[in-house]
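Worksheet for the structure shown next.
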Amino acid sequence: MRRNARFWCGVLAGSVALAAVFLTVGREPDRRRLSEVIPPPPEGAPYFFVLGRGRAFESIRTATMAQIENTSVADFLALLSVAERAVLLAAPGAGRFSCSAAAFFPRAVAERASHGATPEAWSAMGFTVSPDGGAARVLRGGGRGILLGSGGEMTLLASDEGRLGRMLATLEGTKAPIDARFDVEPLWPNHLRFFDGGLFAHWAALSGFVLKPGALLFDVAWKEDGPFGRLRWKMNGLSALFPDETADLLQPVSWSDALIAPRPLLLACGISPGILSPGRLRAVGLQNLAEEMGLERGETMKFLSGPTVVCIGGSARFLVFSLPGMILQFPDRGKSAHKVTGAFWNKDWNLLVPAVERIDGYESGGTASTPFSLVGLSNAKNAIYGVLDRAYLAEGKRFPLRSEVPVLREFRRSVAWLHVNTERFDEVTESLTQARMAAEKFGAAADSLSGLYEALKSVRRLGTLSVVLPTLDEGVAEWTSPMNDPSVVP
């Protein structure tokens, strides 16, 4: 018995020791140690704060290059992109950004930089390191460069001597560090925090928007695994900026199971604008919409006040060409939908339509195939208008939208959402080119086709992207990059 007790105690002690080794050796560098080197920004001043793996800094640099090009922030992000883990605080100052950063670099990078030599990874980006008194300075082009310091295993980076001194004082414990606690997915590897100091509300007021004064705190967390990525954010203070009379706008709603998706689905998006009024339509330039629809103003307001979905997918005929279909859907409009459908088929194009063919399951309207694939139909649960081949609407061919858009299965209620799939964009853009050329030969305006072509071309390398806003203050995005995208790291 005693021998067994000693055996199991030995196993337990060995397991604890082994676990300690794995936790010490196998874990990522302690991000708490990194953030404890960074002094807090001045109270109330705008700043952005990033903590994450090196690739996260490269992603931020690429996404914001148009705004930060030729600034010290761009240089900091480039240097930190080769780190194993890093943290950066940037705050706008008098005509320039003040930056503080700390990083765990690969040994080859850290050792060369600490000796005043230029690491190969930095040299490839155009940086040079030179000794500067008891420290070192990183230079690229003109400017004052970036100061380097040592914090034990960490490399410290600062935009000036004062910043570097405050970082060293924070490291020694004589100054309090920044609050680096994240409420949004705290266990995820990458985090960004942006505090606007009230600038958004001020800009909105100057632009004529009526908002209450207040500051926004934007927290983001994201993770990547090869081509797959997921991001969550929370915008603290956004809802509080809006006047009380707009409280009914952009509220979460349920998205009906009656919504359909033509396959293959290229793009779909949905939004619930809330209860509309003549004043609100006037604010967005749609004050004459009721007359254009041929309905009474009250009937138009009732129909438009609710969830609205746009889908691009499947195919439609335009003259002799096949193009992606495009439909608008208005779920749960009841009797209002029947009146709108009647008005839809009473428009001028009705003169070109030899007959409207009914679709089983829809009481009003139908489809036309000549001179192009036209859809205008409704029942109590859904109303559909646009251009789409009739085959995608037949019983057994109508696929639920929720089956094609993953975020709608995860979040059954939301304010708005977007789903993009670019896998067939090359084929689609070729069809659009042919249709645009044909339209121009017939003397028809092809501006809308050209606009769609340019929009698709600009996002053809996006892969698959889904975004959803469960509430106005929070959101989720997930994506799958194309496997031939050079930015994808397995």
Side-chain angles (χ1 to χ4, degrees), residues 28-29 31 34-35 38 47-91 97 99-106 109 119 121-122 124-127 138 140 146 155 157 180 182 184-196 217-235 407 418 420-422 458-468 474-490:
E28 291 182 327
R31 52 188 193 173
L34 286 169
S35 59
I38 306 298
Y47 69 89
F48 78 85
F49 178 63
V50 187
L51 189 155
R53 296 170 181 167
R55 188 184 172 200
F57 292 87
E58 177 59 24
S59 298
I60 295 171
R61 189 179 74 89
T62 301
T64 60
M65 182 52 69
Q67 292 75 35
I68 66 171
E69 192 172 10
N70 300 320
T71 68
S72 60
V73 177
D75 289 344
F76 272 89
L77 291 172
L79 292 172
L80 298 175
S81 68
V82 300
E84 294 172 353
R85 193 163 192 86
V87 61
L88 167 67
L89 172 69
F97 281 92
C99 300
S100 307
F104 290 106
F105 286 108
V109 174
W122 290 359
M125 293 184 284
F127 291 102
V138 185
R140 181 166 69 170
I146 297 172
T155 300
L157 304 90
F182 293 95
V184 179
E185 301 293 352
L187 298 181
W188 285 8
N190 306 307
H191 294 269
L192 181 148
R193 174 173 292 157
F194 172 68
F195 177 70
D196 83 328
L217 182 65
F218 187 41
D219 269 350
V220 185
W222 73 100
K223 59 181 180 179
E224 296 177 88
D225 183 11
F228 306 105
R230 188 171 174 90
L231 179 148
R232 297 186 73 107
W233 74 85
K234 189 172 183 180
M235 188 87 76
V407 292
L418 167 73
V420 181
N421 186 343
T422 64
S458 66
V459 296
R460 60 195 297 261
R461 287 182 63 250
L462 191 62
T464 301
L465 170 69
S466 295
V467 181
V468 62
E474 58 183 329
V476 177
E478 58 184 29
W479 62 91
T480 303
S481 301
M483 288 307 296
N484 59 353
D485 188 337
S487 67
V488 173
V489 179

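These figures come from a predicted structure and were not determined experimentally. We number each residue from 1, following the sequence as shown. Just so you know, these numbers use all the heavy atoms, side chains as well, and skip hydrogens, waters and symmetry mates.
- A salt bridge links Glu185 to Arg232: one of the charged nitrogens lies within less than 4.0 Å of a carboxylate oxygen.
- Of the candidates Phe218, Trp233, Trp222, Phe182, His191 forms a ring-ring contact (aromatic ring centres under 6.0 Å, His included) with just one, namely Phe182.
- Contact of the Cys99 side chain with the Leu157 side chain is not registered, since no non-hydrogen atoms from C-beta on lie closer than 4.5 Å.
- Between the Arg61 side chain and the Ser81 main chain, no donor and acceptor come within less than 3.5 Å of each other.
- How far CG of Leu192 is from CG of Leu88: 9.0 Å, rounded to the nearest 0.5 Å.
- Side-chain contact between Leu231 and Val220 is present, with at least one heavy-atom pair separated by less than 4.5 Å.
- Looking only at distances, a side-chain donor or acceptor of Arg140 sits under 3.5 Å from a matching main-chain atom of Met125.
- Rounded to the nearest 0.5 Å, atoms CZ (Arg53) and CG (Leu80) are 15.5 Å apart.
- Residues Trp479 and Glu224 form a side-chain contact, since some pair of their non-hydrogen atoms from C-beta on lies under 4.5 Å apart.
- Residues Val109 and Pro119 come closest through the heavy atom pair O-CG, 3.5 Å.
- With respect to the salt-bridge test (charged N to carboxylate O, under 4.0 angstrom), the residues Lys234 and Asp219 do not qualify.
- Relative orientation of the Phe97 and Phe48 rings is perpendicular, given thresholds of 30° and 60° on the angle between their planes.
- With rounding to the nearest 0.5 angstrom, the CG atom of Asp196 is 9.0 Å from the CG atom of Leu217.
- Note: Lys223 NZ to Leu187 CG = 10.0 Å, rounded to the nearest 0.5 Å.
- To the nearest 0.5 angstrom, Ile38 atom CD1 is 6.5 Å from Leu89 atom CG.
- Using a 4.5 Å heavy-atom threshold, the side chains of Val407 and Val476 count as separate.
- With contacts defined as side-chain heavy-atom distances shorter than 4.5 Å, the pair Leu418/Ser466 does not qualify.
- Nearest approach of Leu51 to Arg85, heavy atoms of both residues: CD2-NH2, 3.4 Å.
- None of Thr155, Val87, Leu34 except one satisfies the side chain to side chain contact (heavy atoms under 4.5 Å, CB included) rule with Phe104; the exception is Leu34.
- The aromatic rings of Trp122 and Phe105 sit perpendicular, their planes meeting at an angle over 60°, well past the 30° parallel limit.
- Phe57 has its side chain out of reach of Leu79: every pair of non-hydrogen atoms, C-beta onward, lies at least 4.5 Å apart.
- Of all the heavy atoms in Ala83 and Ala103, the pair that sits closest is CB-CB, 4.0 Å.
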Could you walk me through whether Leu465 and Val467 pass the side chain to side chain contact (heavy atoms under 4.5 Å, CB included) test, one step at a time? CA-CA 7 Å; Leu465 170 69; Val467 181; 4.0 Å; yes
